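Structure first, commentary second.
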Amino acid sequence: MASIPLYDPKHIEKKWQKVWMDNKAFAATNDYTRPKYYTLIEFPYPSGAGLHVGHPRPYTALDIVARKKRMEGYNVLHPIGWDAFGLPTENFAIKNHVHPAEVTQKNIQHFREQLQMLGFSFDYDREVDTTDPAYYKWTQWIFLQMYKHGLAYKSSMPVNWCTSCKCVLANEEVVDGVCERCGSAVIHKQQSQWMLRITAYAQKLLDGLDTVDFIDRVKTSQRNWIGRSEGAELDFALENTDDKLRVFTTRPDTLFGVTYMVVSPEHPYLEKYKSVITNWDELMEYRAAAQRKSDFERTEINKDKTGVEIKGLRAVNPINGKTIPIWVSDYVLMTYGTGAIMAVPAHDERDWDFAKKFDLPIIEVVGGGKNVQEECFPDVATGVMVNSGFMDGMTVAEAKKAVIDYVQEKGFGQRKINYKLRDWVFARQRYWGEPIPIVHCPCCGMVPLDEKDLPLLLPNVKNYEPTETGESPLAKITDWVNCKCPKCGGDAKRETDTMPQWAGSSWYFLRYCDPHNNEALASPEALKYWMNVDWYNGGMEHTTLHLLYSRFWNLFLHDIGVVPLAEPYKKRTSHGMVLAYAYETERDANGQVAPKLDENGNPILKLDSNGKPIIEKMSKSKGNVVNPDDVVDEIGADAFRMYEMFMGAFEQAIPWSTTGARGCRKFIERVWRLQEVLTPEEEISKDLMVSVHTTIKKVSEDYDGMKFNTAIAQMMTLVNEIVKKGSITRGELKTLLLLLDPVAPHVCEEIWELQGFGTPIYTQPWPKYDEKAMVLDEIEIAIQVNGKIKGRIMIPNGMTREEAEALREHEAVVAAVGGKTIVKFIFVPGRLLNIVVK
RNA sequence: GCGGGCGUGGCGGAAUGGCAGACGCGCUGGAUUUAGGAUCCUGUGUCGAAAGGCGUAAGAGUUCGAGUCUCUUCGUCCGCACCA
């Protein structure tokens, strides 16, 4: 038995990381003639806390894909970068009196070291950093293009204002009425804001989804977010005026059932018709109350409707000339449709609730056998029109079509498509972001900076604390704010808002193609070759915002001819979060929350009322955070990577188990010790032929299909078989190492070198399997009688249905049938035999 | 309320409509060991002494055959939430 050194991951992992780095082993080449493959992970925000065990899960997954693709001969782009602008860094900097740029660089350094410790095959020569002026020059450039194309504009509007961050938030950043980041109350505030007209791309963003390979739940949530709905806009005359009140409805078929109108408290007609309104004070009181409410309160009370009738102003239903009252209620939103609705209480739940509360009439127009005075009937599938003049007797679908034709002909409405998607609030009143390259000139108005003057650098100053007024901290830096107008040369002031963090991450995948280019965001050749991203993996939490924003930017850049393809990502997958078992906690000597230990020093699990362990998100305050540094220290980076992939299905959220992770270390040691039983043959032995080829096939397919856990299980099965057999040939070991390398690259390289298998694995081709080598001579099939397993027999492999007829005489089959009459004889080749008897 | 997902051993989880529980953790018993949180071997869904039953949240259905497909119910997680 050969004597081999002890497995020492600390030593060999450092060693191979250096070899890869020194040789630039994973650098993408600019040889545009080779087939390419672009793998992308969401670049991290380099927080002060460093990596936690959640980060490496998607990183390892795409590292496996990248390593395999390289071995298959692809020119692989597998880049990494830093999404480094953002509030936590700025807040940390303010608190500790250091410059955010300094904090950022320190955090990046820490992140980079941790990633390198895990042996990821990133191309570190292509790192991007969103806070690098050479990078944000192009973020600003893209903004200018949008400005020139009318997609960036300034508008005064109610914004979400975080009272603690002192900053405007996008709708998407307000969760349950509080700031997504800090949890403080969010109020509405009127402010002039930079906006991006993403709504102009609503339909393109929707259509594009049909052309890409995203997992379904990602597509679904994008579709829901865009929220397309088809209907009609209808004009209701205002009594005693020449004016019309325009509404949007998806149910024009119910027009005869309209018994009142509702407008949002912010509707401009309130001001416009102040003179004829007789209960103005009451209305204003209601509006003020509605505006004081946060979004959260508005939704909290959504069961109990409130409202005030506008006295002195009535509307006329254009289809029957009936005069109906107009109400104001905050269940109608100014930000969707026209800010006004026609209310059909018989067939809309919300209208029904409102009508019941204020005792408004309810008219049935879709017959459904229900008494609409007692219960709302919103069903569109089964009803037939009633009380609706020319539509009577039609189905809802027929009536919709007929009524739209009718109103278009009469000129009081037309078909209309609405989207829930709103324009994107694209400004933050904070320091640590990209300056917006616009100058405000008293003569010329808003003037964009000349492109040759980019990047517009963030001023390097000591004070960047948020102001109480809600102005950006940049507003106080007069040296920087005061400038000359690029157009007329007169005195002007710079825009002092900065861009939101989403900006830099909306195009970083383009920069990776050509990260050092100073003439363009990337060269057309590089973009043509590398785009689009073949496989993008990221968290479910980014499926609405980041994914939508970055698709929008790419679509826009495509439209202006900068990037070659409309959709940036060919395939998008999502990983499950790494969770934690909940532990009983206490404060340790340092006052930190730490798990309480039992007498054996093991943490005590927290159980629910059924005695099941509680699983929760990892967080510092719960004392359940697992630090990758500690895990790597104990079991090594290879075992760590392997456990990240083996712990469960990749898309599913899984709690981290320390003992489970140790199992992967055990497996790697088993592989290591195979060297002790290595025999000199270069071939794969006959008795392992089927298993080895089956494993190559299974592992290859499973890596491609994101089924990393079963790929690893298959390799474990093979190793178990080899250990049982007691020997392994060089050929078998080579194959195993090649398959295992993407998951556990350090140990595979080390064994490969120790056994003199040749140049490093990262230069080796991916193993191929031979279907013919996977065929057994004889196989076992099951015998079922009426679907119940009765026994098993060995039959020659490849037996056809005709040949199987002979099995009727087989001893085991006769015994299983037991003299009963055979009704049906079903032979499934390679699987089983099912006999139906009576 | 709407949309999406998921319910399989003590645990994480495997199973193109075809032998449920692969693989791992944990636990059993044993071997080796001064020792073990090392290594190796054994066993490990459940009832049963065995033969043999029964088992994939519950119920129905389709099928020669259902964890897998259809319907109903329950539970659970996630997203959206007055979007007209």
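Keep in mind that the numbers below use all heavy atoms, side chains included, and drop hydrogens, waters and symmetry copies. Since the model is a prediction, treat every value here as computed from it, not as a measurement. Sequence lines set the chain letters: A, B, ... in the order given, protein chains first and strands last, and positions in each chain run from 1.
Residue A:Asn224 is in sugar-phosphate contact alone, with no base atom involved, counting any heavy-atom pair closer than 4.0 Å across all strands shown. Within 4.0 Å (heavy atoms only), A:Lys790 reaches sugar-phosphate atoms of the nucleic acid but no base atom. Nucleic acid contact for A:Ile789: sugar-phosphate only, since backbone atoms but no base atoms lie under 4.0 Å from a heavy atom of the residue. As judged by a 4.0 angstrom heavy-atom cut-off over every strand, A:Ser221 is placed among residues making no nucleic acid contact. Residue contacts for A:Lys707: at a heavy-atom cut-off of 4.0 Å it reaches the sugar-phosphate backbone alone, with no base atom in range. At the heavy-atom level, A:Arg662 lies under 4.0 Å from base atoms of the strands shown. When heavy atoms are screened at a 4.0 angstrom cut-off, A:Val836 is found touching the sugar-phosphate backbone but no base atom.
Note that CD of A:Gln714 is 11.0 Å distant from CD of A:Glu701, once rounded to the nearest 0.5 Å.
With P as the reference atom, B:G12 and B:G26 are 15 Å apart, rounded to whole Å. On the C1' atoms, B:U32 is 8 Å away from B:U39, given to the nearest whole Å. Nucleotides B:C71 and B:C23 have their C1' atoms positioned 35 Å apart, rounded to a whole Å. Taking the P atoms as reference points, B:C80 lies 42 Å from B:U46, given to the whole Å. Across B:C47 and B:G55, the matching C1' atoms stand 10 Å from one another, rounded to whole Å. To the nearest whole angstrom, the two P atoms, one in B:U76 and one in B:C41, are 44 Å apart.
Distances shown here put a side-chain N or O of A:Arg673 below 4.0 Å from the OP1 or OP2 atom of B:C40. The side chain of A:Asn720 contributes an N or O atom lying less than 4.0 Å from OP1 or OP2 of B:G24. Put simply, A:Lys724 has a side-chain N or O that comes within less than 4.0 Å of OP1 or OP2 on B:U42.
Taking atom CZ on A:Arg228 and atom C1' on B:G3, their separation rounds to 18 Å, with Å as the unit. Atom CD of A:Glu701 is separated from atom C1' of B:U16 by 11 Å (rounded to the nearest Å). Between the CD1 atom of A:Ile668 and the P atom of B:G24 there is a distance of 14 Å, given to the nearest Å. Between A:Ile795 atom CD1 and B:G18 atom C1' there is a gap of 13 Å when expressed in whole angstrom units.
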What nitrogen or oxygen pairs link the protein and nucleotides 5-13 of chain B at under 3.5 Å?
unit_1: B:C11; atom_1: OP1; unit_2: A:Lys612; atom_2: NZ; d: 2.6
unit_1: B:C11; atom_1: O2'; unit_2: A:Tyr581; atom_2: OH; d: 3.1
unit_1: B:G12; atom_1: O2'; unit_2: A:Met647; atom_2: O; d: 2.4

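Pairing partner, B:G36: none, since no Watson-Crick or wobble contact has both distances short of 3.5 Å. B:C25 is paired with B:G10 under the criterion used here, namely a Watson-Crick or G-U wobble arrangement in which both key atom distances are under 3.5 Å.
A donor-acceptor contact under 3.5 Å is not formed by the side chain of A:Lys420 with the base of B:C80. The base of B:U39 lies outside donor-acceptor range of the side chain of A:Arg670, with no N or O pair under 3.5 Å.
Within the structure, every pair that satisfies the salt bridge (Lys or Arg N to Asp or Glu O under 4.0 Å) test and touches residues 702-711 of chain A, not counting sequence neighbours, is listed here: A:Lys68-A:Asp704, A:Lys698-A:Asp702.
The heavy-atom pair separating A:Leu579 from A:Ala653 by the smallest distance is CD1-CB, 3.8 Å. A pairwise comparison of heavy atoms in A:Ile668 and A:Ala744 identifies CD1-CB, 4.3 Å as the closest pair.
Looking only at side-chain heavy atoms (C-beta outward), A:Phe214 and A:Thr543 stay at 4.5 Å or farther from each other.
The existence of a salt bridge linking A:Arg572 and A:Asp213 is excluded, since no basic side-chain nitrogen approaches an acidic carboxylate oxygen closer than 4.0 Å. Under a 4.0 Å N-O distance rule, the pair A:Asp253/A:Arg251 qualifies as a salt bridge.
In this structure, A:Ser221 contributes its side chain and A:Thr544 its backbone to no donor-acceptor pair below 3.5 Å.
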Donor-acceptor list for residues 655-667 of chain A side chains, cut-off 3.5 Å, not counting sequence neighbours:
unit_1: A:Ser657; atom_1: OG; unit_2: A:Thr659; atom_2: OG1; d: 3.2
unit_1: A:Ser657; atom_1: OG; unit_2: A:Gly660; atom_2: N; d: 2.9
unit_1: A:Arg662; atom_1: NE; unit_2: A:Glu634; atom_2: OE2; d: 2.7
unit_1: A:Arg662; atom_1: NH2; unit_2: A:Glu634; atom_2: OE2; d: 3.4
unit_1: A:Arg665; atom_1: NE; unit_2: A:Glu669; atom_2: OE2; d: 2.8
unit_1: A:Arg665; atom_1: NH1; unit_2: A:Ile635; atom_2: O; d: 3.3
unit_1: A:Arg665; atom_1: NH2; unit_2: A:Glu669; atom_2: OE2; d: 3.1

